[in-house]
Amino acid sequence: MARTMTRNHEHFRRALQRLPLGVASNFRYWGDERTIYVKEGRGARVTDLDGNVYVDYRMGYGPSILGYADPRVDAAAREGMRVGGVFALSTEREYQVAERIAAMVPAAELVRFSNSGTEAVMAALRLARAYTRRDDYVILEGSYHGLFDAAMWTADMANMTDPVKGPEIVTYGKGVPQLIRQLFWQVPYNDANRLETVLKAHAHNIAAVLIEPILGNCCGIPSKPEFLRAVRELCTRYGVLMIMDEVKTGFRVARGGAQQLYGVRADICTMAKAVANGYPIAAIGGREEIMRKFGRGIAHGGTYTAQAMSLAAAERTLTVLRDTSALADIAAYGTAMQKGMGRILSARGIPHSFTGHPSMSGLFFRETPTTNHLDWKDIDYTFYDQLAGKLIARGVMCEPDSREPWFISAAHDQSCLDETLNVFEEAVDLTLGELPADHANKTAPLMAGISS
Ligand code: PLP
């Protein structure tokens, strides 16, 4: 049945009068005719203002690890509210949640809290700079660490013309001071040699290597295990701190996050999305001697830091993740979904691959998965872009931007999977039917199997 968007459109026009682009976050604006407003989310499904129901694979970009409105977490949050709000004082539960985090993530010997991933990474970088007394830092191509000036830089792969010269490093949007460009080095992902070259020459000025173990905003590209081990080893050798940004991977890809998955321990790590099933809280964890610098010359805090409702939600979410098979179930669902999609695509001769962890993976129309941001540039996204629109219109809410992984929650069940695969098959066939005649020339790998 065709989806109606009447109420979504009406609300968009109303919202536009008071909110730039009609939304509260730029990423939520999908175009004047396509912006969706949620009425409610339950489990793995969201319902929009028109009553359209979607199996959701965005899950707030990852936070809803147990599903929307999880009754266990919501009950805990309500109980947390009874504490009374924010006090400009501490509460007992900070310690309890810090204990839980430290037990699950051994690198987090000590813990501090923030409200968002951005804030946590900002604090981690400040901590590293203060501890090492150096200002510079290294970031990796294709990474995203939040909306603060030091992190809002990216390699402009889409417009790169000279592979020898490499991509231009540009800001994510306007308003970021160009002066910051002098402070960081950006190196390709999964390339330890390039990292070593930078560290060898400049380590005396570099406070930290800031790395996402899996590129949560670039197709879910995972670190090769040997690369992450090399980053660890190089940081130790050159006396630079390793900050592992686990805002997306923390408490998702394993109970102890990517650090457990890879067996690599960072000096400082940040976790946010899955900590409290959508309630706003983030954590910074790290080696004791580094973390103890907080309060000894390093500023950290904030009015809403560790507010009672989010803390209570975090405690319950982490307990559920620790004591149940939630994460294994999520990974099993992700694997089953990939297999199902793979069968549908293979039956039509469409080369494809999946990247990342089954709980947050990217889908590519190429036989070999991409391993770095530059590689991504060479993939044709027309098919994904068209497919995504059809999936969403039919009730499967994937990310329209192919660089954002598909997120699975513990609330995704067999009915979600069946529905997803049925819709996926239909959408693939419709997309194939609509490809322009000259598409085969533009995307030889995609069409290789189809035209035969
Ligand atoms: N770090 C990573 C790896 C992220 O994926 C994000 C957000 O997507 C952030 C930091 C910023 O987190 P937040 O949006 O909570 O500020």
Side-chain angles (χ1 to χ4, degrees), residues 23-29 57-65 105 112-128 137-154 172-173 176 184 186 189 208-223 228 231 242-253 257-259 261-262 266 268-286 302 304-307 310 313-314 317 355-357 359-362 373 399-408:
V23 292
S25 164
N26 287 357
F27 306 113
R28 297 176 195 167
Y29 170 75
Y57 290 101
R58 299 174 73 242
M59 302 310 288
Y61 293 130
S64 297
I65 188 93
V105 183
R112 273 285 176 99
F113 295 103
S114 289
N115 298 302
S116 67
T118 297
E119 262 189 70
V121 183
M122 272 170 75
L125 186 57
R126 186 181 310 120
L127 179 63
Y137 54 102
V138 177
I139 49 180
L140 283 292
E141 278 174 11
S143 52
Y144 175 76
H145 298 289
L147 292 175
F148 65 107
D149 291 349
M152 290 178 65
W153 298 84
T154 185
Y172 286 109
V176 180
F184 70 88
Q186 194 169 89
Y189 206 63
V209 174
L210 175 54
I211 180 169
E212 274 182 277
I214 296 173
L215 290 180
N217 303 269
C218 188
C219 329
I221 297 172
S223 290
L228 211 57
V231 175
M242 180 179 188
I243 304 177
M244 186 101 82
D245 181 353
E246 294 228 48
V247 162
K248 272 190 173 156
T249 54
F251 309 112
R252 167 171 284 279
V253 298
Q259 295 179 84
L261 197 67
Y262 283 90
I268 305 173
C269 52
T270 52
M271 292 139 289
K273 309 250 184 195
V275 178
N277 204 45
Y279 288 86
I281 189 165
I284 308 128
Y304 297 104
T305 302
Q307 51 92 357
S310 290
T317 305
T355 46
H357 187 266
S359 70
M360 46 177 282
S361 62
H373 196 188
E399 179 65 30
D401 182 342
S402 59
R403 277 169 294 180
E404 189 71 25
W406 292 44
F407 288 99
I408 316 288

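Values reported hereafter were calculated over all heavy atoms of this structure, with side chains retained and with hydrogens, waters and symmetry mates removed. No experiment lies behind these values; they were computed from the predicted model shown. Order of listing sets the numbers, starting from 1, for every ligand and every atom in it. The first residue in the sequence is number 1, and the count goes up from there.
Not a single heavy atom of Tyr61 sits less than 4.0 Å from an atom of ligand 1. Under a 4.0 Å heavy-atom criterion, Glu246 is not in contact with ligand 1.
Although no hydrogens or angles enter the test, the distance criterion places no donor-acceptor pair under 3.5 Å between the side chain of Lys273 and the main chain of Gly62. A donor-acceptor contact shorter than 3.5 Å links the side chain of Thr118 to the backbone of Leu147. With hydrogens and angles disregarded, a donor-acceptor distance shorter than 3.5 Å links the side chain of Tyr137 to the backbone of Ala150. Listed for the Arg252 side chain is a donor-acceptor partner under 3.5 Å among the backbone atoms of Ile408.
Using a 4.0 Å cut-off to heavy atoms of Ser116, the atoms of ligand 1 that qualify are 15 (O), 16 (O). Close contacts of ligand 1 with Lys248, meaning ligand atoms under 4.0 Å from a residue heavy atom, involve 5 (O), 8 (O). Ligand-side atoms of ligand 1 in range of Glu212: 3 (C), range being under 4.0 angstrom from any heavy atom.
Between Trp406 and Tyr57, the ring-plane angle classifies as tilted under the 30° and 60° cut-offs. Ring pair Trp153/Phe184 is tilted by interplanar angle, where 30° to 60° counts as tilted.
Residue-level proximity to ligand 1 for Val247 is carried by the side chain, the only part with a heavy atom below 4.0 angstrom.
The shortest contact between atom 16 (O) of ligand 1 and any protein heavy atom is with Thr118 OG1, 2.5 Å. In terms of protein heavy atoms, atom 1 (N) of ligand 1 is closest to Asp245 OD2, 2.7 Å. Atom 15 (O) of ligand 1 has as its closest protein heavy atom Gly117 N, 2.8 Å. For atom 5 (O) of ligand 1, the closest non-hydrogen atom of the protein is Asn217 ND2, 3.1 Å. At the shortest separation from atom 7 (C) of ligand 1 among protein heavy atoms lies Lys273 NZ, 3.2 Å.
Contact of the Asp245 side chain with the Ser143 side chain is not registered, since no non-hydrogen atoms from C-beta on lie closer than 4.5 Å.
Remark: Tyr304 OH is loosely packed, at most 12 non-hydrogen atoms of other residues, nucleotides or ligands lying under 6.0 Å away.
Between atom 10 (C) of ligand 1 and the options Met244, His145, Glu119, the minimum heavy-atom separation is to His145.
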